[in-house]
Number of protein chains: 2
Amino acid sequence: MAVQDTSPRNSLQAKKQEVVRGEIWNAAIDLFFEHGFDNVHVDQIAAKAGVSRRTFFRYYGSKEDVMGATVKRYGEALAQAIRDQKAELSSLEAAKAAIKQVLAPTLHQTERVVQVAERSPAARMAQFLQVPLLEREVTWAFANRSKRATKESSLEHRILASLTMTATGMCVEIWVRDQKRPMPEIVDEVFAAIVHLFRAEDEKAESARRAKR
Amino acid sequence: MAVQDTSPRNSLQAKKQEVVRGEIWNAAIDLFFEHGFDNVHVDQIAAKAGVSRRTFFRYYGSKEDVMGATVKRYGEALAQAIRDQKAELSSLEAAKAAIKQVLAPTLHQTERVVQVAERSPAARMAQFLQVPLLEREVTWAFANRSKRATKESSLEHRILASLTMTATGMCVEIWVRDQKRPMPEIVDEVFAAIVHLFRAEDEKAESARRAKR
DNA sequence: GTTGACAATGGCACAGTGTGCCATTACGCT
DNA sequence: AGCGTAATGGCACACTGTGCCATTGTCAAC
């Protein structure tokens with residue numbers, strides 16, 4: 001008979017684990033959304049998810065971790081999207097395109113999470129805590145792309161990753177502020193600001209170089 | 001008689017508070033340095049500082065806060081330094097100059113703190129937690145400068161602030177990695193990468209514009 | 001110098017967190 | 001059916017962060 005799974009005995013159990021993880025996540029977000037992030041305790045989440053307090057801690061290190069999970073997933077999707085962009089695009093253009101592809105669906109699927117973060121500084125911090133991890137992944141994605149295109153230094157990949165994360169944050173913020181606007185428009189606005197900044201600084205450097213000559 | 005202080009009765013008490021705050025800070029950093037951030041408990045810090053546990057929490061919200069205080073001070077100094085740069089400099093040049101002025105002294109004065117952060121992820125996170133606050137201050141500093149010079153959007157100020165923070169982080173990292181190199185050299189290298197990235201992206205955008213025409 | 005506010009401190013007490021440990025259960029496999 | 005491993009639940013415990021109140025210290029006016 002054909003053995004279709006990756007690991008012989010683990011895949012089933014792994015799937016079940018993911019189910020439990022999802023169950024806990026749903027319970028947590030529901031409670032956060034209803035009572036506010038700060039007013040929810042781990043015990044309540046565990047109870048709602050139908051597991052013991054102890055088991056909760058086997059899946060998430062804390063309720064902060066549950067918030068972070070969303071950001072983590074976004075980061076992974078974003079890194080993949082960056083890798084998938086056409087090689088002709090510059091790194092920044094790739095970042096812009098990737099954000100356009102990934103951010104809107106993510107925000108739509110996790111609208112409750114966004115609202116939770118909006119209302120609680122602690123929740124925002126929990127999300128923010130994921131950024132360094134996420135930045136590493138994105139840095140790596142840029143490095144992969146760059147292997148087969150323009151040659152950029154490792155420093156530049158990190159700067160690009162940081163810019164990408166900042167841009168994401170700004171897009172989310174604008175999206176939350178004026179709800180109606182379509183995401184692609186917001187992304188364009190943010191990246192227009194980046195490019196404008198680039199141009200201005202570059203011209204300044206150019207004229208300085210001319211003056212020195 | 002001349003009254004030299006700001007507030008009539010508060011200034012003395014305020015100074016005493018700062019003394020206690022400093023005492024606690026020193027005790028904490030000493031312990032972190034000796035036993036590692038993760039192995040130090042609030043009780044030990046309080047004992048070493050000669051105050052009660054309860055009083056510790058009146059000055060710092062947690063031991064993480066103690067780590068964050070260093071970053072907070074750096075951020076304030078940096079924001080001020082940015083404001084103080086000559087108006088002729090572009091925002092990015094101002095950032096570069098400000099980092100050159102502020103970072104080296106700060107790192108030198110807080111070398112033990114840097115080593116603590118180096119050895120403990122939790123300690124690094126505690127520092128990282130301050131970044132959003134700090135970024136706001138730097139954003140504001142750029143906005144102040146820009147009032148009397150080039151006109152940049154609020155979005156651009158935030159991007160600049162983010163770049164400045166990232167640059168700082170990268171400089172510290174490089175400084176820790178190869179100890180010998182002088183800080184100005186490191187700063188130059190990091191900002192060279194930024195400018196190089198700007199040029200590359202700008203040229204790309206330029207050629208795209210030409211192609212469309 | 002005494003007294004009277006008022007801020008700072010210390011010492012509980014308590015709810016909540018995160019983890020090690022072990023008994024129990026559930027499940028996959030032969 | 002039965003064996004073995006992994007997941008779970010239920011303590012127990014050390015630590016955190018905060019409200020509360022009694023005590024101490026400090027400054028100012030009398």
Side-chain angles (χ1 to χ4, degrees), chain A residues 1-25 27-28 31-32 35-69 120-123 125-126 129, chain B residues 1 3-24 27-28 31-32 35-69 120-123 125-126 129:
Chain A
M1 307 149 229
V3 179
Q4 76 252 11
D5 318 87
T6 51
S7 43
R9 71 162 184 271
N10 287 19
S11 75
L12 269 190
Q13 297 185 341
K15 267 180 199 169
K16 286 182 65 175
Q17 282 194 0
E18 283 318 303
V19 170
V20 176
R21 196 183 302 279
E23 207 62 41
I24 295 175
W25 191 85
L31 289 172
F32 292 161
H35 304 109
F37 182 78
D38 307 295
N39 303 320
V40 175
H41 303 294
V42 174
D43 307 79
Q44 307 172 27
I45 301 173
K48 178 144 188 169
V51 299
S52 71
R53 206 179 86 94
R54 192 64 187 82
T55 294
F56 171 89
F57 280 115
R58 286 200 179 90
Y59 284 88
Y60 294 95
S62 59
K63 66 172 182 174
E64 281 77 16
D65 256 33
V66 181
M67 283 300 287
S120 160
M125 280 311 187
L129 249 287
Chain B
M1 316 145 226
V3 179
Q4 75 252 11
D5 317 87
T6 51
S7 44
R9 72 159 185 274
N10 287 18
S11 76
L12 269 190
Q13 297 186 341
K15 267 180 199 170
K16 286 182 64 174
Q17 282 195 2
E18 283 318 303
V19 170
V20 176
R21 195 182 302 279
E23 207 63 41
I24 295 176
L31 289 171
F32 292 161
H35 303 110
F37 182 78
D38 307 296
N39 304 318
V40 175
H41 303 294
V42 173
D43 306 79
Q44 307 172 26
I45 301 173
K48 178 145 187 169
V51 298
S52 71
R53 206 179 85 96
R54 192 63 186 81
T55 294
F56 171 91
F57 281 115
R58 287 199 178 89
Y59 284 87
Y60 294 95
S62 58
K63 66 172 183 175
E64 281 76 17
D65 256 34
V66 181
M67 282 300 285
S120 160
M125 280 310 187
L129 248 286

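First the proteins, then the strands, lettered A, B, ... as listed; each starts at 1.
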Inset, instruction - State the CD1-OH distance between A:Ile24 and A:Tyr60, to the nearest 0.5 angstrom. - result: 6.5 Å
Inset, instruction - To the nearest Å, give me how far apart CZ (A:Arg21) and P (D:dT8) are. - result: 10 Å
Inset, instruction - Name the nucleic acid region contacted by A:Tyr60, choosing base, sugar-phosphate or nothing; use a 4.0 angstrom heavy-atom cut-off, strictly under. - result: nothing
Legend entry - Length of the line joining A:His41:NE2 and C:dT17:P, which is rounded to integer Å: 6 Å
Legend entry - Rounded distance in Å - CD1 (A:Ile24) to C1' (D:dA7): 12 Å
Legend entry - Spacing of B:Gln44 atom CD and B:Lys63 atom NZ [to the nearest 0.5 Å]: 8.5 Å
Legend entry - Protein-nucleotide distance (A:Asn39, atom CG; C:dT17, atom P), rounded to Å: 12 Å
Legend entry - Nearest-angstrom distance from the residue atom CG of B:Asp43 to P of C:dG11: 12 Å
Inset, instruction - Check the distance between D:dT18's P and A:Asp38's CG and give it to me in whole angstrom. - result: 12 Å
Legend entry - Closest listed nucleotide, where the reference is the side chain of B:Gln17 and the choices are D:dG9, C:dG18, C:dA8: C:dA8
Inset, instruction - Check the distance between C:dC12's P and B:Phe57's CZ and give it to me in whole angstrom. - result: 17 Å
Inset, instruction - May I ask you to say what B:Tyr59 touches in the nucleic acid, namely base, sugar-phosphate or nothing, with a heavy-atom cut-off under 4.0 Å? - result: sugar-phosphate
Legend entry - C:dG10 base / B:Arg58 side chain donor-acceptor hit below 3.5 Å: yes
Legend entry - A:Arg53, nearest nucleotide to its side chain (from D:dA12, D:dG9, C:dG11): D:dA12
Legend entry - A:Lys63 NZ - D:dG17 C1' separation (whole Å): 13 Å
Legend entry - Distance, nearest 0.5 Å, that separates CE of A:Met125 from CE of B:Met125: 12.5 Å
Legend entry - Straight-line distance of A:Ser62 OG to A:Met67 CE, nearest 0.5 Å: 11.5 Å
Legend entry - Polar pair under 3.5 Å, donor/acceptor by atom type, side chain B:Arg54, base D:dG19: yes
Legend entry - Whether A:Arg21 side chain and A:Tyr59 backbone form a donor-acceptor pair below 3.5 Å: yes
Inset, instruction - Could you please name the option among C:dG10, D:dG17, C:dG18 that lies closest to any side-chain atom of A:Val42? - result: C:dG18
Inset, instruction - May I ask you to verify if any side-chain N or O of A:Ser52 is less than 4.0 angstrom from the OP1 or OP2 atom of D:dG9? - result: yes
